[in-house]
Amino acid sequence: QLQASGGGMVQSGGSLRLSCTASGSIFSTNVMAWYRQAPGKQRELVASITSTGSATYADSVKGRFSISRDNAKNTAYLEMNNLRPEDTAVYLCNSRDYRSFWGQGTLVTVSS
């Protein structure tokens with residue numbers, strides 16, 4: 001029901017855009033979010049966006065990452081700029097209302 005894409009390998013300072021496409025029933029009114037999990041670390045919330053476009057960010061990515069959504073395409077995006085090696089992780093897409101749905105992860109690797 002959630003399909004994430006866009007991960008890859010970039011050098012420090014580079015950019016990537018992640019996409020998460022959802023089935024309509026779990027997108028239009030849901031909060032969409034991106035989490036990440038690095039090896040040996042807990043999963044952390046990176047950014048979230050409500051159905052009306054209100055966004056929140058982890059302090060570690062503020063000013064570098066931008067979350068958006070296209071409700072006509074049932075797709076949420078995470079634009080990641082000025083990437084750092086510490087951003088290396090598996091990035092996971094989440095959709096939630098009173099339920100929580102997870103997509104498969106997409107790996108982002110940032111080399112120094």
Cluster overlap [X] with [Y], hydrophobic side-chain contacts below 4.5 Å:
X	Y	value
Tyr35	Met32	no
Met80	Leu92	no
Trp102	Leu18	no
Val90	Val61	no

| task | Identify, with sequence neighbours excluded, every residue that meets salt bridge (charged side-chain N to carboxylate O under 4.0 Å, His left out) alongside Asp97. | result |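 For Asp97, the residues satisfying salt bridge (charged side-chain N to carboxylate O under 4.0 Å, His left out) (neighbours in sequence not counted) are Arg99.
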
| task | Go through the structure and list residues passing salt bridge (charged side-chain N to carboxylate O under 4.0 Å, His left out) with Lys73, not counting sequence neighbours. | result |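 In terms of salt bridge (charged side-chain N to carboxylate O under 4.0 Å, His left out), with neighbours along the sequence ignored, Lys73 is linked to no residue.
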
Quick one: do the [X] and [Y] side chains pair a donor with an acceptor below 3.5 Å?
X	Y	answer
Ser112	Ser12	no
Thr52	Ser54	no
Thr21	Asn74	no
Ser100	Asn94	yes
Arg69	Asn71	yes

Distance check, rounded to the nearest 0.5 Å: [X] atom [atom1] versus [Y] atom [atom2]?
X	Y	atom1	atom2	answer
Phe101	Ser25	CZ	OG	7.0 Å
Thr106	Gln3	OG1	CD	9.5 Å
Ser60	Glu44	OG	CD	5.0 Å

Identify the heavy atoms of [X] and [Y] that sit nearest to each other, and give their distance.
X	Y	answer
Leu2	Gln104	O-OE1, 3.6 Å
Thr88	Val110	OG1-N, 2.9 Å
Ser15	Asn81	OG-OD1, 2.9 Å
Gly7	Leu16	C-CD1, 4.5 Å
Arg64	Leu83	NH1-CA, 3.9 Å
Ser68	Ile49	CA-CD1, 3.8 Å

| Arg84 bridged to Asp87 by N-O distance under 4.0 Å |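 The answer is no: the pair does not qualify as a salt bridge.
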
| said: Filter on ring-ring contact (aromatic ring centres under 6.0 Å, His included), then keep only pairs touching residues 46-90, sequence neighbours left out; what's left? | reply: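 Of all non-adjacent pairs touching residues 46-90, none passes ring-ring contact (aromatic ring centres under 6.0 Å, His included).
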
| task | For residues Cys93 and Trp34, determine if any side-chain heavy atom of one lies less than 4.5 Å from a side-chain heavy atom of the other. | result |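 Yes - at least one pair of side-chain heavy atoms lies under 4.5 Å apart.
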
| task | Dump the intermediate steps for side chain to side chain donor-acceptor pair (under 3.5 Å) on Ser19 and Ser5, then the final yes or no. | result | CA-CA 5 Å; Ser19 300; Ser5 62; 4.5 Å; no

| Verdict with supporting geometry, Arg36 and Leu78, side-chain contact (heavy atoms from CB on, under 4.5 Å) | CA-CA 12 Å; Arg36 66 186 180 187; Leu78 185 67; over 6 Å; no

